[in-house]
Q: 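Just dropping this structure here.
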Amino acid sequence: MTPKNPNWTELKKEPFGPYIADEILQYRSDEIERIIAWKAENPLPEPIDIEIGSNRGCFLLGITRGQRDVSTLGIELKLGLCRIAQRKLERENLTNGHVIHADAKLAIPVLCRPNSVNAIYVLFPDPWWKRKHARRRLLDDGFFEMAHTFLKPGGCFVLKTDVLDYFDAVDEYLQHLPCFERIAIEDVPSSKVWTLSTRERHCLEDNLAYKSLAIRKLDVPFEQAHAGLTEAKLEKHNYRYHPEV
């Protein structure tokens, strides 16, 4: 087991402290400190667009190239993919683009101020098929509370996935969030500069079905988010229950 950091209370005093759970600060302090060190070497002028799970950087390259006045950040858990994406940005001398090897739920609070992010993109996230792994899925109510905190007013969240059950569960959940409004994909301000991600290209080439949605942050506190959502549906969304696939 990872030893508890006896100095975790110092991390709690940092600006990001209120947005990361105490148990995470206690046992994942090494990861957090690595992100802090990365931030010192890679300043991110606002505004910021974030792609979570940037893979080989195909989509990230497009939004970085098409928005030179925006800092773009790819967050990826696989170090090899981070290096591939970073090389693509460097080949075009796109100094406004960045890639970090990190967990997005740690990186976003450490790297960003509340109400400062233009857009968050989650394109074809890992579905974590097995029941015992379902809790590892990215898109739960904790994620959307974080997104609401760090997106600027009017900022957008975009999801694309070919795992249709995953999409439907998220879609149902979002229908009960009065702090976001559903918008057309083409109404996301950056949509004109989007390029295809690796997985979306495969879906189109192989004629595989996938779905997309976009939502915009409203000036409504997240505390109202669960209104109208039954406990059973909330449990299902958070993947404590996960149907067989």
Side-chain angles (χ1 to χ4, degrees), residues 31 34-35 37-39 41-45 47-108 110-112 117-130 133 136-139 143 146-147 150 156-164 166-167 170 185-186 188-214:
E31 295 174 65
R34 180 170 56 81
I35 296 168
W38 185 93
K39 180 180 181 179
E41 297 179 1
N42 299 273
L44 295 172
I48 303 168
D49 274 20
I50 297 173
E51 183 188 7
I52 300 175
S54 50
N55 199 270
R56 291 173 172 81
C58 296
F59 180 84
L60 183 68
L61 181 65
I63 60 172
T64 305
R65 183 194 291 142
Q67 302 180 110
R68 300 296 180 103
D69 58 342
V70 174
S71 296
T72 60
L73 176 65
I75 304 176
E76 173 56 57
L77 287 172
K78 295 181 180 179
L79 182 58
L81 295 177
C82 289
R83 290 170 175 161
I84 291 170
Q86 188 65 54
R87 283 197 294 270
K88 288 181 178 179
L89 297 173
E90 290 172 355
R91 276 198 294 268
E92 297 194 23
N93 195 31
L94 295 171
T95 57
N96 60 313
H98 309 267
V99 184
I100 184 171
H101 174 226
D103 180 335
K105 290 183 177 179
L106 300 183
I108 291 176
V110 173
L111 298 176
C112 305
V117 176
N118 270 349
I120 298 174
Y121 311 95
V122 176
L123 307 180
F124 302 88
D126 192 329
W128 291 107
W129 292 109
K130 294 181 180 179
H133 293 155
R136 299 181 185 177
R137 286 185 167 182
L138 174 67
L139 301 178
F143 172 86
M146 179 184 71
F150 290 94
C156 298
F157 166 78
V158 176
L159 169 66
K160 295 185 180 183
T161 180
D162 55 338
V163 184
L164 303 187
Y166 194 176
F167 179 93
V170 174
I185 285 284
E186 57 269 21
V188 178
S190 61
S191 62
K192 295 179 178 60
V193 302
W194 290 355
T195 49
L196 295 177
S197 66
T198 301
R199 183 62 187 170
E200 186 169 10
R201 184 179 297 108
H202 288 330
C203 287
L204 292 171
E205 289 172 352
D206 298 336
N207 198 30
L208 299 175
Y210 66 95
K211 293 183 178 181
S212 309
L213 65 79

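These values consider heavy atoms only, across backbone and side chains, with no hydrogens, waters or symmetry-generated copies. Each residue takes its place number in the sequence, starting with 1.
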Q: For E92, check salt bridge (Lys or Arg N to Asp or Glu O under 4.0 Å) against everything at least two apart and list the hits.
A: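 With neighbours one apart ignored, the set is R65.
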Q: Search all heavy atoms of F124 against all heavy atoms of T161 and return the closest pair with its distance.
A: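 Scanning both residues, the minimum pair turns out to be CD2-CA, 3.7 Å.
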Q: Quick check: closest heavy atoms across T198 and C58, and the distance to 0.1 Å?
A: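 Here T198 and C58 meet closest at OG1-SG, 3.5 Å.
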Q: Is there a side-chain contact between I100 and L111, using heavy atoms and a 4.5 Å cut-off?
A: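 Yes, at least one pair of side-chain atoms sits under 4.5 Å.
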Q: Which residue pairs satisfy the salt bridge (Lys or Arg N to Asp or Glu O under 4.0 Å) criterion with at least one member in residues 72-81, sequence neighbours excluded?
A: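 As it turns out, there is no salt bridge (Lys or Arg N to Asp or Glu O under 4.0 Å) pair with a partner in residues 72-81 once direct neighbours are skipped.
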Q: Exactly one of V193, L73, L94, D49 should register a side chain to side chain contact (heavy atoms under 4.5 Å, CB included) with T64. Which one does?
A: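 Exactly one candidate clears the test, L94.
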Q: With the side chain counted from C-beta on, respond yes when L159 and S212 share a heavy-atom pair under 4.5 Å apart, and no when they do not.
A: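 In short, these two side chains do not touch, never coming nearer than 4.5 Å.
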Q: Can a donor-acceptor pair be found, under 3.5 Å and without considering hydrogens, that links the side chain of D103 to the backbone of K105?
A: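 Confirmed, D103 side chain pairs with K105 backbone.
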Q: Do L196 and F59 make a side-chain contact, defined as non-hydrogen atoms from C-beta onward lying under 4.5 Å apart?
A: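 Answer no - side chains too far apart.
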Q: For residues 80-89, tabulate all N or O donor-acceptor pairs below 3.5 Å that involve a side-chain atom, not counting sequence neighbours.
A:
unit_1: Q86; atom_1: OE1; unit_2: V99; atom_2: N; d: 3.2
unit_1: K88; atom_1: NZ; unit_2: R56; atom_2: O; d: 3.0

Q: With sequence neighbours left out, what residues match K39 under salt bridge (Lys or Arg N to Asp or Glu O under 4.0 Å)?
A: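 Partners of K39 by the salt bridge (Lys or Arg N to Asp or Glu O under 4.0 Å) criterion come out as none, since no residue qualifies.
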Q: State, to 0.1 Å, how close I52 and I108 come at their nearest heavy-atom pair, and which atoms those are.
A: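 That would be CD1-CD1, 4.0 Å.
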Q: Once side chain to side chain contact (heavy atoms under 4.5 Å, CB included) is applied, do any residues pair with E186, and if so which ones, sequence neighbours excluded?
A: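 Partners of E186 under the side chain to side chain contact (heavy atoms under 4.5 Å, CB included) test: A184.
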Q: Going by ring pair (Phe, Tyr, Trp, His ring centres under 6.0 Å), name the residues that satisfy it together with F167, two or more places apart in sequence or in a different chain.
A: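 Once residues adjacent in sequence are excluded, F167 has no partner under the ring pair (Phe, Tyr, Trp, His ring centres under 6.0 Å) criterion.
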Q: Could you report the tightest heavy-atom contact between R34 and H101, atom names first, then the distance?
A: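 Answer, listing the atom of R34 first, then H101: NH1-O, 2.7 Å.
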Q: Exactly one of C112, P45, P43 should register a side chain to side chain contact (heavy atoms under 4.5 Å, CB included) with S71. Which one does?
A: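 Going through C112, P45, P43 one by one, the side chain to side chain contact (heavy atoms under 4.5 Å, CB included) with S71 is satisfied by P45 alone.
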Q: What closest approach, in Å, do V188 and W194 show between heavy atoms, and which atom pair accounts for it?
A: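 Taking every non-hydrogen atom into account, CG1-CZ2, 3.7 Å.
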Q: Which pair of non-hydrogen atoms, one from A107 and one from I75, has the smallest distance, and what is that distance?
A: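 So the minimum-distance heavy-atom pair works out to CB-CD1, 4.0 Å.
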Q: State, yes or no, whether a side-chain contact exists between L60 and T72 at a heavy-atom distance under 4.5 Å.
A: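 A side-chain contact exists here, since the closest heavy-atom pair is under 4.5 Å.
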Q: Centre-to-centre under 6.0 Å for F157 and Y121, is that the case here?
A: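 Distance test on ring centres: not under 6.0 Å, no.
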